[in-house]
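Below you'll find the structure, written out as structure tokens, and then a few comments.
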Protein chains: 2
Amino acid sequence: MPADERYITIVELLFFAYRDFTREADAILAEFGLGRAHHRVLHFVNRHPGLRVADLLEILKITKQSLARVLKQLVDEGWIAQQTGTQDRRERHLRVTDKGTTLAIKLDQLQAKRVGGALAACGPAGEAFVRRFLFDMISLDERGHVEALLPAADAGAAPKA
Amino acid sequence: MPADERYITIVELLFFAYRDFTREADAILAEFGLGRAHHRVLHFVNRHPGLRVADLLEILKITKQSLARVLKQLVDEGWIAQQTGTQDRRERHLRVTDKGTTLAIKLDQLQAKRVGGALAACGPAGEAFVRRFLFDMISLDERGHVEALLPAADAGAAPKA
DNA sequence: CAAATAAGTCAACATGGCTGACATAAATTC
DNA sequence: GAATTTATGTCAGCCATGTTGACTTATTTG
């Protein structure tokens with residue numbers, strides 16, 4: 001099979017994988033009256049306590065106004081708490097509450113389980129390839145930002161062909 | 001690093017990969033007044049000429065009404081043509097027009113290029129792992145449908161750990 | 001002929017993006 | 001200290017794309 005043909009197949013697999021990957025979490029979120037946008041905020045705040053609003057905008061690549069809508073709801077409903085920065089009092093540092101932690105972990109476990117299952121047949125070598133592939137799918141000028149967000153020895157662990 | 005921690009990292013990489021992967025095509029589509037939903041329809045019709053409306057619904061997992069909106073526009077603007085089925089005249093078989101083919105190929109090449117680039121450091125073994133991983137990320141009860149859509153010796157080519 | 005099926009359509013609504021304009025408070029710079 | 005920049009918040013309205021529910025039409029099937 002020609003390379004382009006194989007690559008298009010991977011494009012399609014990526015679509016189907018993402019389609020099902022998100023649908024599962026969406027169902028749980030709906031029980032709490034939340035959507036995918038809330039999930040993303042909850043997730044990244046949980047993973048990076050003290051994250052600022054500006055950081056979230058950089059991560060999600062959405063506008064302040066779009067973020068405000070979901071963030072306001074998350075704060076109002078007690079999933080996320082805001083703390084005024086001590087050094088720079090203009091900043092709002094975000095943290096998940098206990099309630100938020102519970103949900104964030106629940107969703108993380110769900111998605112980790114799916115990833116773990118998909119990696120089951122791959123072994124450590126396959127896992128490294130998958131990691132490398134996904135990292136290189138990120139736009140070149142964004143990889144630095146992403147790398148800074150991930151646990152240390154991660155994307156850098158690049159297997160050779 | 002514990003397994004769950006590594007898996008969550010992969011969840012995040014998947015988010016960032018998909019974020020950038022789609023943003024690139026979105027920019028081109030916007031030039032033609034089209035969106036991501038149109039792209040998905042155009043893509044699958046291009047890859048599977050003669051696809052029926054019901055097939056698209058199964059692939060995209062959206063409602064008939066959602067599909068109708070974008071499909072109508074694609075037909076009205078001459079990207080896609082409908083043919084009444086000869087055997088079963090209730091069916092509408094969809095095909096991309098020449099105009100539609102041009103755009104579909106343009107977008108496919110863009111995305112294939114990104115996938116190719118991301119696979120560059122992986123080699124054939126890595127490619128097989130990536131394919132396997134993405135396929136196994138699909139919900140179990142959907143894998144059959146997806147397999148039927150892909151070029152033959154594809155997802156079945158399962159490397160062992 | 002009756003029932004099931006494939007597709008199309010109307011209306012209303014929710015979510016989550018967007019732009020543009022503007023407000024506030026705090027930090028920084030001149 | 002005044003002026004400017006920065007981080008955040010907010011109002012108003014718009015667009016794309018998903019949803020439910022109800023209903024029609026043409027056609028095939030039992």
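The chains referred to below are lettered A, B, ... by the order of the sequence lines, with proteins before strands, and numbering in each begins at 1. Just so it is clear, the structure is predicted and the values come from calculations on it, not from any experiment.
When distances are taken from the side chain of Ile62(B) to each of dC18(C), dG8(C), dT19(D), the shortest belongs to dT19(D). Closest to the Gln65(B) side chain, of the nucleotides dA7(C), dG21(D), dC18(C), is dG21(D). Residue Gln82(B) has its side chain nearest to dG8(C) when only dT10(D), dG8(C), dA7(C) are considered. Considering only the side chain of Lys72(A), dT10(D) comes nearest among dG17(C), dA26(D), dT10(D). If you check dA27(C), dT17(D), dT28(D) against the side chain of Arg90(A), the one that comes closest is dA27(C). Among the nucleotides dA26(D), dG18(D), dT8(D), the one closest to any side-chain atom of Arg69(B) is dG18(D). In the set dA27(C), dT8(D), dG8(C), dG8(C) carries the atom at the smallest distance from any side-chain atom of Val53(B).
Look at Arg89(B) and you'll find a side-chain N or O under 4.0 angstrom from OP1 or OP2 of dT27(D). One finds no side-chain N or O of Ser66(B) lying less than 4.0 angstrom from the OP1 or OP2 phosphate oxygen of dT17(D). Considering only side-chain N and O atoms, His38(B) lies nowhere under 4.0 angstrom from the phosphate OP1 or OP2 of dA16(D). Between Arg40(A) and dG17(C) there is a side-chain N or O to OP1 or OP2 distance below 4.0 Å. For dC18(C), the OP1/OP2 oxygens have a side-chain nitrogen or oxygen of Thr63(A) closer than 4.0 Å.
Between the CG atom of Leu29(B) and the P atom of dG17(C) there is a distance of 18 Å, given to the nearest Å. The interatomic distance linking Arg23(B) (CZ) with dC18(C) (C1') rounds to 14 Å, in whole Å. One can place CG of Asp55(B) at 14 Å from C1' of dT5(C), the figure rounded to the nearest angstrom. Distance Leu67(A) CG to dG17(C) P: 9 Å, rounded to the nearest Å. Counting to the nearest Å, the C1' atom of dG17(C) and the CZ atom of Arg36(A) are 13 Å from each other. Atom P of nucleotide dT19(C) and atom CG of Leu57(A) are separated by 12 Å, given to the nearest angstrom. A straight line from CG of Asp26(B) to P of dC15(D) spans 18 Å, rounded to a whole angstrom. To the nearest angstrom, C1' of dT28(D) lies 13 Å from CZ of Arg52(B).
The base of dG9(D) sits with one of its N or O atoms less than 3.5 Å from a complementary donor or acceptor on the side chain of Lys64(A). Checked by distance alone, Arg92(B) brings no side-chain donor or acceptor within 3.5 Å of a matching partner on the base of dG8(C).
Residues Leu34(A) and His93(B) each lie close to DNA chain C; by heavy-atom proximity, the contact nearer the 5' end of the strand is made by His93(B). Between Ala68(A) and Gln73(B), the residue anchored nearer the 5' end of DNA chain D, judged by the nucleotide with its closest heavy atom, is Ala68(A).
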Checking side chain to side chain donor-acceptor pair (under 3.5 Å) for the pair His48(A)/Asp55(A): CA distance, chi angles, key distance, verdict? CA-CA 10 Å; His48(A) 305 282; Asp55(A) 298 325; over 6 Å; no
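Side-chain N or O atoms of Thr101(A) include one that pairs as donor or acceptor with a backbone N or O of Thr97(A) at under 3.5 Å.
Gln73(A) and Gly33(A) get closest at one heavy-atom pair: NE2-O, 3.4 Å.
Under the 3.5 Å distance criterion, with hydrogens and angles disregarded, a donor-acceptor pair is assigned to the side chains of Arg95(B) and Gln83(B). Counted by atom type alone, Arg114(A) and Ser139(B) present one or more donor-acceptor pairs between their side chains at under 3.5 Å.
In the displayed structure, Lys113(B) atom NZ is contacted under 6.0 Å by at most 12 heavy atoms of other residues, nucleotides or ligands.
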